[in-house]
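One structure is given below, encoded as structure tokens.
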Amino acid sequence: MTLIYLFIFSIFLFFVSFFWKTIKRILRFRKFDNKIPGPPTSPILGNVQTFRNKSTVELNQIFLDAAEKCRNSKSNYMKYRILDKLFVLPLNGKSAAKILESSSELNKGDDYDFFEPWLGGGILVGRGEEKWRTHRKLLTPSFHFAKLEGYLEVFNTESRILVSCLDELSDSSNPIDIFPYIKRCALDIICAAVMGTKVDAQLYHNHPYVNAVEMFSVLVIENAINPIFQIPPLFWLLGYQKQKEECIKVMKEFSTSVISERKAALDSGEIEKETKKHKVYKELVKVFGGDEDVTYEKMSELEYTERVLKESKRLVAPVPMVQRKIISDMEIDGITIPSGANISISPMLIHKNPEVFPNPAIFDPDRFLPDEISKRNAFDYIPFSAGLRNCVGQKFAQINEKVMIAHILRNFRLEPCGVTKPALEV
Ligand code: HEM
């Protein structure tokens with residue numbers, strides 16, 4: 001009996017201390033409810049109701065509409081609050097530069113904590129500056145110009161598989177959502193290029209790793225807008241913890257097995273260590289640099305394709321929002337944002353600023369002609385973020401995109417079908 005009382009008492013203590021801290025933080029951030037514009041907030045919950053039960057598409061629209069209203073009221077920022085978490089969003093490149101150019105405000109925001117059990121405190125989500133610098137230094141040589149050229153073979157091989165998969169479907173009279181195919185191709189490319197492992201997700205659908213990442217992404221969005229995710233006992237009782245752990249288990253088991261296979265191959269001499277590899281790399285480029293495949297030289301001639309790819313990432317930013325949790329108070333438009341608040345930089349919103357990109361909903365690759373680019377602030381177009389914590393894989397991704405698109409478009413004519421349904425696994 002005493003044990004039961006003790007258990008109930010500790011739960012009670014947990015809730016009192018949890019809510020006490022939460023209420024203190026809510027009171028601290030509530031002053032900003034009126035100082036910076038944003039979707040209407042309720043005193044305690046903030047914007048929980050604004051985002052409740054909304055799909056990703058609806059959420060994006062809520063942000064875009066709110067940003068438009070804030071711009072119309074001449075604000076360069078907007079804010080929203082989920083319970084005790086304050087998020088401030090710069091609405092143009094100049095305002096975003098304030099945080100992105102900072103060499104001290106490098107800490108990722110609160111929402112990244114959710115990734116920690118999966119990705120650890122490493123380069124993408126890690127907070128400690130020293131650790132991040134070490135990881136960034138270790139990773140940067142993998143994206144050196146000479147290395148990138150060596151990945152071309154993988155990009156070409158996997159893109160050819162993608163084309164053969166799409167080929168099987170191209171005679172169908174029904175519209176086909178090609179996103180799941182692109183996604184699996186991207187996974188095969190990243191595993192083959194970065195880890196030297198053939199995953200063949202393109203050939204064997206329902207790859208458990210892809211499914212786990214997909215499920216985890218759904219939880220990430222929920223975590224950002226649903227306060228229940230911030231209350232550990234409820235998160236656990238409602239089964240979210242179990243779902244999260246299952247995803248992480250699959251994802252970790254996969255990466256651990258890839259690393260062990262790679263290590264074993266290195267130890268057995270099956271693959272050579274980095275220092276001995278250059279000759280092999282040159283030979284590979286020489287042997288595989290046929291006409292069919294995309295080469296570096298050909299790639300630099302793809303000026304229009306490049307503009308199309310850039311404009312696509314402007315219109316639909318692949319990473320709609322990144323966050324920094326500020327460690328020192330920050331002055332914004334005469335208002336002091338306190339340490340502990342999050343600054344959310346949203347490429348999705350910044351790329352739709354009509355003062356910089358007139359008629360922002362219109363697809364116009366010529367926005368990326370050199371003369372047009374020179375008129376803009378460098379931070380007005382940031383699909384890969386910017387500053388010290390920009391995307392280390394940017395060049396890799398851009399080359400990857402070009403090779404895939406060169407293969408797809410030489411084999412198929414894609415047409416908009418007017419049907420937008422969620423990208424389900426096919
Ligand atoms: C179209 C494809 C891609 C886009 C749009 C993209 C976008 C981004 C963005 C916006 C960030 C900043 C995240 C933040 O501040 O929280 C980022 C960071 C990062 N990206 Fe990418 N990325 C892409 C592909 C890749 C690829 C292919 C790799 C690796 C092979 C990669 C590796 C990373 C890493 C390691 C970071 C963390 C860098 C740091 O914090 O120092 N990305 N990416």
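Counting starts at 1 for both ligands and their atoms, in listed order. Computed from heavy atoms alone, side chains included, the values below leave out hydrogens, waters and symmetry copies. Along the sequence shown, residues are numbered consecutively beginning with 1.
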Any side-chain donor near an acceptor of the partner, N353 and N92, under 3.5 Å:
no

With a cutoff of 4.0 Å, is R324 in contact with ligand 1, counting heavy atoms of the residue only?
yes

Polar contact flag, side-chain donor to acceptor under 3.5 angstrom, Q230-K85
yes

What residue and heavy atom of the protein are closest to atom 2 (C) of ligand 1, and at what distance?
A397 CB, 3.5 Å

Could you tell me, atom by atom, which parts of ligand 1 come under 4.0 Å of a heavy atom of V319?
7 (C), 10 (C)

In terms of relative ring orientation, are H207 and Y209 parallel, tilted or perpendicular, with 30° and 60° separating the classes?
perpendicular

Flag this pair as yes if the NZ/CZ of R389 is under 6.0 angstrom from the six-membered ring centre of Y112 and inside a 45 degree cone about the axis; otherwise no.
no

Just say parallel, tilted or perpendicular for the rings of F229 and Y240, cut-offs at 30° and 60°.
tilted

Determine yes or no for a side-chain-to-main-chain donor-acceptor pair under 3.5 angstrom, with E158 supplying the side chain and M404 the backbone.
no

Does any N or O atom in K108 lie less than 3.5 angstrom from one in ligand 1, N or O only?
yes

Which part of I382 is near ligand 1, with near meaning a heavy atom under 4.0 Å away: side chain, backbone, both or neither?
neither

Could you tell me, atom by atom, which parts of ligand 1 come under 4.0 Å of a heavy atom of R136?
38 (C), 39 (C), 41 (O)

Would the distance check show the side chain of K310 and the main-chain N or O of T305 forming a donor-acceptor pair, the cut-off being under 3.5 Å?
no

Option set C391, G387, P383, S385, criterion heavy-atom distance to atom 42 (N) of ligand 1, minimum
C391

Any E401 heavy atom less than 4.0 Å to ligand 1
yes

Under 4.0 Å to a heavy atom of F143 - the qualifying atoms of ligand 1, by number:
29 (C), 30 (C)

Quick one: sort the F216 and F114 rings into parallel, tilted or perpendicular, breaks at 30° and 60°.
tilted

What atoms of ligand 1 come within less than 4.0 Å of a heavy atom belonging to L124?
18 (C), 19 (C), 36 (C), 37 (C)

Output for pair (K352 NZ, L91 CG), nearest 0.5 Å, gives 13.0 Å

Can you check whether Q323 has an N/O within less than 3.5 Å of an N/O in ligand 1?
no

Record the part of F384 in heavy-atom contact with ligand 1 below 4.0 Å; permitted values are side chain, backbone, both and neither.
both

Report yes or no: does N390 have a heavy atom closer than 4.0 Å to ligand 1?
yes

